[in-house]
Number of protein chains: 2
Amino acid sequence: MTVYGGQGDPARTMALLWRGGAPPGTRTAPGPRPGLTVDAIVAAGIALADESGLGGLSMRAVGGRLGTSAMALYTYVPSKRELLDLMYDQAHADLPTGYPAAGPRAAVLAWAADLWDRYLRHPWLLQVSYARPVLGPHEQAVLETLLGILDAMGLPAAVRRTAVSALLHLVRGMAQTAAESRAAAGATGDADEQWWHARAAQLAQVAPDFAQRFPHSTALAQAPAGDGGYDPVAAARAALTGGLDLLLDGLDARNDHGTQVL
Amino acid sequence: MTVYGGQGDPARTMALLWRGGAPPGTRTAPGPRPGLTVDAIVAAGIALADESGLGGLSMRAVGGRLGTSAMALYTYVPSKRELLDLMYDQAHADLPTGYPAAGPRAAVLAWAADLWDRYLRHPWLLQVSYARPVLGPHEQAVLETLLGILDAMGLPAAVRRTAVSALLHLVRGMAQTAAESRAAAGATGDADEQWWHARAAQLAQVAPDFAQRFPHSTALAQAPAGDGGYDPVAAARAALTGGLDLLLDGLDARNDHGTQVL
DNA sequence: TCCTGATTCCGTACGGTGTAAAGTGATGCT
DNA sequence: AGCATCACTTTACACCGTACGGAATCAGGA
């Protein structure tokens with residue numbers, strides 16, 4: 001399921017997200033010196049989620065990976081949800097911040113490609129609900145990069161707002177489709193094509209009138225795929241490219257005609 | 001978090017999803033006659049999720065709402081995940097299947113509006129990961145309706161495929177943004193505007209160089225919103241309309257120029 | 001009519017979760 | 001030296017999904 005985020009003390013969460021590396025030399029507090037760091041915990045969490053998915057992410061497991069207990073983490077991180085927020089933001093780190101290439105259209109495509117790659121490398125990102133009210137610095141940087149490209153296209157503010165949301169949702173949605181069909185194929189050992197055939201056979205048995213009830217869907221399913229056979233990841237990637245093309249055409253139109261409405 | 005679906009026995013799941021109402025009179029099996037029905041369980045689950053979200057959806061709670069225990073459900077439903085799949089599909093029931101109105105563009109907008117309404121009425125739908133490999137009859141009907149509209153636009157198969165994905169992801173994504181900002185506003189008792197002001201103040205304190213690091217974001221945040229002030233649901237709704245306009249413009253271009261490449 | 005076997009229902013129990021609360025030691029300042 | 005403070009451990013709690021086994025219930029065959 002989609003995990004919500006950012007429900008704890010907002011000030012604490014913000015301070016953690018935007019934590020500005022305390023000066024490393026300074027230390028004048030009694031008590032044992034800290035054996036862990038927030039960064040180490042976040043890194044362990046990310047590694048664990050990469051291996052076992054969000055389902056395998058438990059405080060005990062993260063603690064175990066660091067050689068301590070679950071409760072030891074609570075000194076550094078107020079709750080699991082905040083840890084997830086930190087992981088989410090950290091996983092967006094070190095993406096390119098500029099695409100000086102051949103014009104804004106190519107730049108948007110490159111931006112989307114990099115984000116797509118990041119999502120498929122950390123598929124659990126797609127299970128953490130976007131549109132949470134908390135934004136961390138790295139996710140903000142991704143947004144800023146896109147906005148920089150859109151600024152070069154000379155779009156009015158309202159269109160930029162719409163475009164940012166639409167582009168983000170498109171990349172996220174398509175990546176989600178790709179990641180989950182990949183996961184589904186991996187769970188059963190079957191190859192993709194066999195898997196689909198088996199599923200189609202079950203469907204035919206349980207709903208023999210499918211073709212009559214859903215003629216348009218049937219027609220589309222029978223149309224040749226063209227782009228790489230049955231590979232669902234490639235199909236989703238193609239759908240992303242196509243969707244981006246559609247959106248960018250629309251944006252170009254907004255730009256050329258000088259339409260300022262909306 | 002996003003809940004996965006469809007991991008149990010696929011044949012059993014499909015049979016449940018497409019269950020073709022057994023003839024009501026017939027009953028020739030020994031043992032106590034069933035006191036529950038799958039439909040009743042699904043309805044109870046939906047009601048519970050509407051009230052308490054997916055977090056409040058436990059087998060014990062669903063059973064309690066029906067006057068029985070958690071384990072009593074397992075006779076009808078193989079697991080919680082399958083129940084969630086059934087709930088998900090059922091919640092898509094009874095949406096309009098045709099929009100004969102003024103042309104395909106208006107039809108797409110009406111289709112999206114109805115789906116948006118459905119999502120906001122059952123926000124937990126947006127936490128159940130779309131792009132699961134299992135499709136139920138009602139969700140399939142939603143897809144079929146959209147495909148019927150797209151067929152009337154005279155688009156090639158590849159473009160239809162892309163358009164379906166893009167449109168669905170757009171509606172889902174925007175609705176998710178709306179639902180979650182609504183939930184966030186509801187959790188704290190604050191009005192939206194106050195909430196955002198408080199959040200901005202915290203951000204300014206924790207990241208005083210925000211405006212320098214993220215000039216484009218800052219510029220966009222300061223541009224007047226125009227469409228209904230600070231109401232995040234209205235803002236997301238406006239973004240949806242804008243995004244749909246962009247996509248539909250792109251689709252119109254594909255149609256007029258007769259371009260057949262993707 | 002009684003028996004038999006299938007079927008439903010449910011109490012109990014197990015291993016897992018996040019985290020509250022209290023106890024244990026190590027540490028640096030006074 | 002004394003002590004407040006912090007990191008960390010231990011224990012415990014409430015809750016979760018669901019495996020298991022027994023009890024109750026009923027249709028059909030004898």
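Here is the naming used below: chain letters follow the sequence lines, and residue numbers restart at 1 for every chain.
A close approach under 4.0 Å does occur between a side-chain nitrogen or oxygen of S69(A) and OP1 or OP2 of dT9(D).
Per the geometry, CG belonging to L73(A) stands 13 Å off P belonging to dT17(C), to the nearest Å. Between the C1' atom of dA7(D) and the OH atom of Y76(A) lies a distance of 6 Å, rounded to the nearest Å. Rounded to whole Å, atom P of dG18(C) lies 14 Å from atom CD of E82(A).
Using a 3.5 Å distance cut-off with no hydrogens or angles, the side chains of E144(B) and T97(B) do not pair a donor with an acceptor.
In this structure, CH2 on W124(A) lies 10.5 Å from CG on L48(A), to the nearest 0.5 angstrom.
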*Evaluate side-chain contact (heavy atoms from CB on, under 4.5 Å) for M87(A) paired with L57(A), printing each intermediate quantity in order.*
CA-CA 11 Å; M87(A) 288 168 53; L57(A) 185 81; 4.0 Å; yes

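Between L54(B) and L84(B) the shortest side-chain heavy-atom distance falls below 4.5 Å. Put simply, the side chain of R12(A) does not reach to within 4.5 Å of the side chain of E82(A), judged on heavy atoms. Counting only heavy atoms from C-beta outward, the side chains of L167(A) and W111(A) approach each other to under 4.5 Å.
Crowding of D209(B) atom CG: a count of heavy atoms from other residues, nucleotides or ligands under 6.0 Å exceeding 12.
Pairs of residues two or more places apart, or lying in two chains, that qualify as salt bridge (Lys or Arg N to Asp or Glu O under 4.0 Å) and include a residue from residues 48-57 of chain B are E51(B)-R65(B).
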Shorter than 3.5 Å, N or O on both sides, protein versus nucleotides 14-18 of chain D: list them out with atom names.
residue : atom : partner : partner atom : Å
dC16(D) : OP1  : S58(B)  : OG           : 3.2
dG17(D) : OP1  : K80(B)  : NZ           : 2.7
dG17(D) : OP2  : M59(B)  : N            : 3.0
dG17(D) : N7   : R60(B)  : NH2          : 2.5
dG17(D) : O6   : R60(B)  : NH2          : 2.9
dT18(D) : OP2  : Y74(B)  : OH           : 2.7
dT18(D) : OP2  : K80(B)  : N            : 3.0
dT18(D) : O5'  : Y74(B)  : OH           : 3.4
dT18(D) : O4   : R60(B)  : NH2          : 3.4

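With the end axes of the helix from dT1(C)-dA30(D) to dT30(C)-dA1(D) each set by five pairs, the angle from one to the other reads 20° at 10° resolution.
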